[in-house]
Visitor: 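Here you go, one structure.
Letters go in sequence order (proteins before strands), and every chain restarts at 1.
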Number of protein chains: 2
Amino acid sequence: MKKQNPLKLEQQICFPIYSVSRLITKAYKPHLEKMGLTYPQYLVLLVLWEHIELSVNQIGEKLMLNTNTLSPLIKRMEKTGLLQRNRSEKDERTVMVSLTEKGLSYQSEAMPIPEKLLHSLLSEEVQLTEVMLLKDTLDKWITILSKKPENQSNNL
Amino acid sequence: MKKQNPLKLEQQICFPIYSVSRLITKAYKPHLEKMGLTYPQYLVLLVLWEHIELSVNQIGEKLMLNTNTLSPLIKRMEKTGLLQRNRSEKDERTVMVSLTEKGLSYQSEAMPIPEKLLHSLLSEEVQLTEVMLLKDTLDKWITILSKKPENQSNNL
DNA sequence: CACATTTGCATCGCACACGATTTAATTTTG
DNA sequence: CAAAATTAAATCGTGTGCGATGCAAATGTG
């Protein structure tokens with residue numbers, strides 16, 4: 001009933017999450033590279049399709065990424081013409097990011113991707129309810145895991 | 001009942017997995033860096049604690065990583081004295097990897113980590129059964145997702 | 001209002017991931 | 001057995017993640 005050896009790879013919860021995360025990124029790849037996108041770039045587009053304009057920090061909050069990751073990523077996206085960066089007039093420190101026509105236009109092409117991938121996953125083995133349940137569980141975990149970053153001594 | 005906009009970040013299953021994966025890695029970090037380990041290095045140790053000796057490819061199969069990721073990673077671990085690399089005598093192409101005394105000795109120190117992190121996650125909100133269920137689901141997904149790598153047109 | 005602190009972004013360094021290519025050793029085939 | 005094909009690692013280039021640091025603008029404080 002109890003775990004015999006907590007260090008056995010098969011018994012760890014961390015490894016499946018790590019692997020599935022990479023496998024899903026890999027599944028997105030063929031669809032995204034038609035648009036010249038990487039998976040994190042696609043995530044940035046997702047939030048910008050929902051918001052006309054966001055600062056680098058605001059994008060970072062939504063994706064839980066810091067500027068040290070986002071700054072170069074956004075600059076690469078600017079270089080490929082997906083978005084534009086503008087210093088805020090109110091606060092010169094802030095860089096506001098907004099999509100170009102090209103970035104906006106990719107929305108229609110990207111729209112069917114998640115559904116398509118979900119469909120190819122669904123089968124007798126995997127029901128939609130299971131996917132929804134998984135998502136609910138993970139969302140809850142995100143809340144818990146991102147809550148205690150300062151409690152270094154005992155956090156997960 | 002149905003998804004209204006499949007491109008909404010909150011409705012995507014991919015993003016929670018991606019985020020939880022990174023959050024878990026972050027949770028491991030303070031424990032692992034006491035030993036000077038990164039998370040992928042810890043994974044390599046996990047499989048080598050279960051097997052006296054493995055080739056680079058065999059480690060890659062278990063962790064689903066290719067040699068272009070593993071070769072430098074393993075070399076870094078060799079440099080820090082965790083393991084040794086030896087060309088196989090039977091097949092000069094194969095590099096056999098085995099732990100040093102130091103690499104073996106880290107097992108006892110690493111043993112309590114997964115349990116400790118699991119414990120800090122468990123609460124009224126998160127029951128052990130939920131964790132087990134999540135793991136079962138993810139394991140099933142790994143099987144499905146890693147099955148059709150050549151079917152590029154329609155895979156997830 | 002001067003000065004210390006905070007904030008937003010960028011940069012640097014390091015360690016993955018991973019597609020693509022290279023090199024060397026082994027196996028297959030004619 | 002020699003040439004072709006396959007295989008195991010390594011290498012290269014690009015793009016993340018992320019801790020640490022730097023810098024300039026904004027804010028707080030006396």
Visitor: Indicate the atoms forming the closest heavy-atom contact of T80(B) with K102(B), along with that distance.
Guide: O-NZ, 2.7 Å
Visitor: Going by atom types alone, do Y42(B) and Q12(A) pair a side-chain donor with an acceptor below 3.5 Å?
Guide: yes
Visitor: Without decimals, in angstroms, what is the distance between N86(B) CG and dA9(D) P?
Guide: 13 Å
Visitor: Which listed nucleotide (dA15(C), dC18(D), dC9(C)) is nearest to the side chain of K26(B)?
Guide: dC18(D)
Visitor: Does any donor-acceptor pair link the side chain of N68(B) with the base of dG19(C) at a separation under 3.5 Å?
Guide: yes
Visitor: If you assign M64(A) and Q58(B) each to the DNA chain D nucleotide with the nearest heavy atom, which residue ends up on the more 5' nucleotide?
Guide: Q58(B)
Visitor: What nucleic acid atoms does T38(B) come within less than 4.0 Å of, heavy atoms only: base, sugar-phosphate, or nothing?
Guide: sugar-phosphate
Visitor: So how far is it from S55(B) OG to E61(B) CD, rounded to the nearest 0.5 Å?
Guide: 7.0 Å
Visitor: Atom CG of N66(B) to atom C1' of dA20(C): distance rounded to whole Å?
Guide: 12 Å
Visitor: Rounded to the nearest Å, what distance is computed from the CD1 atom of residue I24(A) to the C1' atom of nucleotide dA17(C)?
Guide: 16 Å
Visitor: Look for any protein N or O under 3.5 Å of an N or O in nucleotides 22-28 of chain C and output each such pair with its distance, or none.
Guide:
unit_1, atom_1, unit_2, atom_2, d
dT26(C), OP1, E92(B), N, 3.0

Visitor: Check every strand shown and say whether T25(B) touches a base, only sugar-phosphate, or nothing at a heavy-atom separation below 4.0 Å.
Guide: nothing
Visitor: Looking at every non-hydrogen atom in both residues, tell me the closest pair between V47(B) and L54(B) and how far apart they are.
Guide: O-CD1, 4.1 Å
Visitor: So which nucleotide from dT16(D), dA9(D), dC9(C) ends up closest to the side chain of T69(A)?
Guide: dT16(D)
Visitor: Mind calculating the distance between CG (L54(A)) and P (dG8(C)) to the nearest angstrom?
Guide: 14 Å
Visitor: What is the distance from atom CD of Q58(B) to atom OG1 of T94(B), rounded to the nearest 0.5 Å?
Guide: 8.5 Å
Visitor: Within the distance-only criterion (no hydrogens, no angle test), does the side chain of T69(A) pair as donor or acceptor with the backbone N or O of L65(A) below 3.5 angstrom?
Guide: no
Visitor: Report yes or no: does S21(A) contribute a side-chain atom to a donor-acceptor pair with the main-chain N or O of Y18(A) at less than 3.5 Å?
Guide: no
Visitor: If you take any heavy atom closer than 4.0 Å to DNA chain C, which residues from residues 70-83 of chain A end up in contact?
Guide: S71(A), K75(A)
Visitor: Would you please say whether a donor-acceptor pair under 3.5 Å links the side chains of Y28(A) and E33(A)?
Guide: no
Visitor: Are a donor atom and an acceptor atom from the side chains of W141(B) and E125(A) found within less than 3.5 Å of each other?
Guide: no
Visitor: Could you say whether T94(A) or E33(A) is positioned toward the 5' end of DNA chain C, judged by the nucleotide with the nearest heavy atom to each?
Guide: T94(A)
Visitor: So, taking the atom named CD in E109(A) and the one named CE in M35(A), what distance separates them when rounded to the nearest 0.5 Å?
Guide: 5.0 Å
Visitor: Without decimals, in angstroms, what is the distance between L65(B) CG and dA15(C) C1'?
Guide: 13 Å
Visitor: In whole angstroms, how far is the C1' atom of dG15(D) from the OH atom of Y18(B)?
Guide: 11 Å
Visitor: Rounded off to whole Å, could you give me the CZ-to-P distance for the R22(A) and dG17(D) pair?
Guide: 13 Å
Visitor: Send over the distance from R85(A) CZ to dG8(C) C1', rounded to a whole Å.
Guide: 12 Å
